[in-house]
Amino acid sequence: MAKQKEQEFVQHITPRDQDFSQWYTDVILQTGLVDYAPVRGCMVIKPYGYAIWERIQKELDDRFKATGHENVYMPMLIPESFLLKEAEHVEGFAPEVAWVTHGGLEPLQERLAIRPTSETMFCAMYSKWVQSWRDLPMLYNQWCSVMRWEKTTRPFLRTAEFLWQEGHTIHETVEEAQEETLRMLEVYRETAEDVLALPVTCGQKSEREKFPGARATYSIESMMQDGKALQAGTTHNFGTNFAEAFDIKFLSREGKLEYVHETSWGVSTRMIGAIIMTHGDERGLRLPPNVAPIQAVVLPIAQHKPGVIEGAKAVADALKAAGIRVKFDDRDTVSAGFKFNDWELKGVPLRVEVGPRDLEAGQAVVARRDTFEKITLPLEGLAEALLSLLEDIQKTMFEQAKAFRAEKTHVVLDYDGLKAAVNGGFAKGMWCGDPACEERVKAELSATTRNMPFDQTPVGDACCVCGKKADKVMYFAKAY
RNA sequence: CUGGGUGAGGCGCAGUUUGGUAGCGUGCUUGAAUGGGGUUCAAGAGGUCGCAAGUUCGAAUCUUGUCACCCAGACCA
């Protein structure tokens, strides 16, 4: 009977192993994270989805502030002439820029781009604001949305408009800029791993894969449950590329006019897609406690009986007072069983059941979303017990994801090995550095170079694509 | 952009081959019972079949066009 129930229930979501894409779509729609918008390629982020974004924002923003950054806001419209100033940059973004051509009924003299990213706007302002080395560094960030006219879209992973943060900084020296680039990558790594429980590999992008206009691009790459890679965040060192194009100069300590060294870095709502595709299971979402908008849901059981609602509410209030993000679900329109499934679908890490029998015995039944383990705990000291459970869930989910990634990552020595490994996982191999090898891998295996990890301990000496002498360790994978 | 698929009450679908004026499940509303894993029964509300043109006495069904979404590629956070 229980088995039968189980079957009935999972048919709401397409099985993950059967069709990962459909499973993803089912989960995001049924959990109420997003809805498709009336405008092509755009999504509506619903309250539960936005609550997750707000959690991510807070965690990142605190870390940005702690590393000395300040928030600003730049206009959404960028004059075409700005975009044209940096050659690689224009070329990279031209195909996906949306344009404003009219103001009211009048055509504009110069068309305006809806920002696909704000490097050029920041540059234009920095060139006004910087005079002296004493003005440096300038460490600014903005939270905003950007628009890229994508051909194919997918909620959270790729949409025409998406929410993100973009940090833009300028520095006196190339060393300082490089330090900043790596510092922010570390902020991203820490947030991804400690808050979102997403194991990531940090490293440098190849020439082919770097950001248009950057001297060097670094990324954090995470592995989804279908073995594909998702670039979860990038940081760029521009050197003086943009400074030269926008004439951003300062008078140095030696009294010489010099170009500033610039960086930029960003993560987006794509992070939410990464959480879903890394942690989700047959029952829907699983949210790591540190990012979950609701960490524990308290359910009164047999709530029509006298004293149950009051008793359960007291439990919920005590947990809230201890700093746990709690939802007290006293809906009387649905059954307890419905609520169990509802909150499991939504990925709430802990469920606390409080019924008449529990209240009498001074206890509660607690169920973990990650392991489905059910335990009975005394109400006395419940908050402390749950706090440590939440910590354990966070750790367990991260370890699970790490183990999955380890299992699906293979060291490869030659092309056959590479071919096998990128079919459902990451390949770690040596690379000679020739873009021709990347082209071949892309054309034949539809995989790309992801990044060169900071740990460059060689795993061989021959390029796993062409067999020539190689000295770079590179991750290859199919990517979103 | 290329290939494949789908558009029908809020959601999921049968009906299209063989044109005859729209049906099922779920959800929603109301009432009663139930209440520790997606409750049960009863009574209701809700669509003219993505859009446009055409063929026909008559089109969800046939023809042409068009739009949107989904999947797989190519391109990108």
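Atoms considered below: every heavy atom in the structure, side chains included; atoms not considered: hydrogens, waters and symmetry mates. Sequence lines set the chain letters: A, B, ... in the order given, protein chains first and strands last, and positions in each chain run from 1.
- Contacts of A:M43 classified as side chain to side chain contact (heavy atoms under 4.5 Å, CB included), with partners at least two apart in sequence or in another chain: A:V34, A:I45, A:P155, A:F156, A:T159, A:T269.
- Heavy atoms of A:P356 sit under 4.0 angstrom from at least one base atom.
- Figure legend: cation-pi geometry between A:R270 and A:F162 absent, as NZ or CZ is not positioned both under 6.0 Å from the six-membered ring centre and within 45° of its axis.
- In terms of the ring-ring contact (aromatic ring centres under 6.0 Å, His included) criterion, residue partners of A:F64 (sequence neighbours excluded) are, by chain and number, A:W265.
- For A:V365, the side chain to side chain contact (heavy atoms under 4.5 Å, CB included) partners are A:E353, A:D358, A:K374, A:T376, not counting sequence neighbours.
- In this model, a side-chain donor or acceptor of A:R351 finds a partner on the base of B:rG37 within 3.5 Å.
- Between A:K339 and A:V334, some side-chain heavy-atom pair lies under the 4.5 Å cut-off.
- Listed by chain and residue number, nothing satisfies the ring-ring contact (aromatic ring centres under 6.0 Å, His included) test with A:W343 (two or more places apart in sequence, or in another chain).
- Between B:rA59 and B:rA22, the distance separating the two P atoms is 13 Å to the nearest Å.
- As judged by a 4.0 angstrom heavy-atom cut-off over every strand, A:T217 is placed among residues making no nucleic acid contact.
- Put simply, the side chain of A:E344 and the base of B:rG37 share a donor and an acceptor less than 3.5 Å apart.
- Scanning for side chain to side chain contact (heavy atoms under 4.5 Å, CB included) contacts around A:C123 gives A:F242, A:F246, A:I248, A:E262, with sequence neighbours left out.
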Below 3.5 Å between N/O atoms, which protein atoms pair up with nucleotides 67-70 of chain B? Just atom names and distances, please.
| unit_1 | atom_1 | unit_2 | atom_2 | d |
| --- | --- | --- | --- | --- |
| B:rC69 | OP1 | A:G41 | N | 3.4 |
| B:rC70 | OP1 | A:Y36 | OH | 3.2 |

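- Separating the C1' atom of B:rG7 from that of B:rA60 is a span of 11 Å, rounded to the nearest Å.
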Heteroatom pairs (N/O) under 3.5 angstrom, protein to nucleotides 6-8 of chain B:
none

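- At a threshold of 4.5 Å between non-hydrogen side-chain atoms, the residues A:W164 and A:C144 count as touching.
- B:rG12 atom P lies 10 Å from atom CD of A:Q30, rounded to whole Å.
- In this view, A:A37 and A:C42, A:V44 satisfy the side chain to side chain contact (heavy atoms under 4.5 Å, CB included) rule, not counting sequence neighbours.
- Rounded to a whole Å, the CG atom of A:D26 is 11 Å from the C1' atom of B:rG12.
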Report all interatomic pairs (protein N or O, nucleotide N or O of nucleotides 24-33 of chain B) with separations under 3.5 Å.
none

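- Here B:rG73 is the nucleotide among B:rG73, B:rC75, B:rG38 with the atom lying nearest to any side-chain atom of A:T152.
- Computed from coordinates, the A:K442 NZ to B:rC75 C1' distance equals 7 Å when rounded to whole Å.
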Report, one line per pair, each donor and acceptor closer than 3.5 Å where one atom sits in a side chain of residues 288-302 of chain A; sequence neighbours left out.
| unit_1 | atom_1 | unit_2 | atom_2 | d |
| --- | --- | --- | --- | --- |
| A:N290 | ND2 | A:D194 | O | 2.9 |
| A:Q295 | OE1 | A:R325 | N | 2.9 |
| A:Q295 | NE2 | A:P289 | O | 3.1 |

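- Separation of the A:F82 and A:F122 ring centroids does not fall under the 6.0 Å cut-off.
- Regarding contacts with the backbone of B:rA77, every side-chain N or O of A:S268 stays at 4.0 angstrom or more from both OP1 and OP2.
- In this structure, A:V146 reaches neither bases nor backbone, as no heavy-atom distance under 4.0 Å exists between it and the strands shown.
- Look at the P atom in both B:rA43 and B:rG25: the space between them is 13 Å, to the nearest Å.
- Salt-bridge check for A:R369 with A:D281: passed, with a basic side-chain N closer than 4.0 Å to an acidic carboxylate O.
- With respect to the salt-bridge test (charged N to carboxylate O, under 4.0 angstrom), the residues A:R368 and A:D370 qualify.
- Atom CG in A:D19 sits about 7 Å away from atom P in B:rA72, given to the nearest Å.
- One interatomic measurement links the two molecules: CZ of A:R450 to P of B:rA77, which rounds to 9 Å at whole-angstrom precision.
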Using distance only, find each side-chain donor-acceptor pair of residues 221-229 of chain A under 3.5 Å and give its atom names and separation, not counting sequence neighbours.
| unit_1 | atom_1 | unit_2 | atom_2 | d |
| --- | --- | --- | --- | --- |
| A:E221 | OE1 | A:R450 | NE | 3.0 |
| A:E221 | OE1 | A:R450 | NH2 | 3.1 |
| A:E221 | OE2 | A:K205 | NZ | 2.8 |
| A:E221 | OE2 | A:S219 | OG | 2.8 |
| A:S222 | OG | A:L230 | O | 3.3 |
| A:Q225 | OE1 | A:R16 | NH1 | 2.5 |
| A:Q225 | NE2 | A:M277 | O | 3.2 |
| A:Q225 | NE2 | A:T278 | O | 3.2 |
| A:Q225 | NE2 | A:G280 | O | 2.8 |
| A:D226 | OD1 | A:K228 | N | 3.1 |
| A:D226 | OD2 | A:Y480 | OH | 2.5 |

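- Of the candidates B:rG36, B:rA77, B:rG38, the closest approach to any side-chain atom of A:F338 belongs to B:rG38.
- Counting only heavy atoms from C-beta on, A:N341 has its side chain closest to B:rG38 among B:rG38, B:rG35, B:rG73.
- For A:S335, whose side chain is taken as the heavy atoms from C-beta onward, the closest listed nucleotide among B:rA77, B:rC1, B:rU39 is B:rU39.
- One C1' atom belongs to B:rA8, the other to B:rU26, and the distance between them is 16 Å to the nearest Å.
- Taken to the nearest 0.5 Å, the CG atom of A:D392 stands 12.5 Å off from the CG atom of A:L386.
- Look at CD1 on A:I28: it is 16 Å from P on B:rC11, rounded to the nearest Å.
- Between the base of B:rG35 and the side chain of A:D332 there is no donor-acceptor pair shorter than 3.5 Å.
- To the nearest 0.5 Å, the span separating NZ on A:K472 from CE on A:M452 amounts to 6.5 Å.
- For the C1' atom pair drawn from B:rG9 and B:rG46, the interatomic distance equals 6 Å after rounding to whole Å.
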Query raised in the report: Given pairs defined as Watson-Crick or G-U wobble with both distances under 3.5 Å, what dot-bracket annotation applies to RNA chain B, with ( ) intrastrand, [ ] crossing, | other strand and . unpaired?
Result: (((((((..((((......[..)))).((((((.....)))))).....(((((..]....))))))))))))....
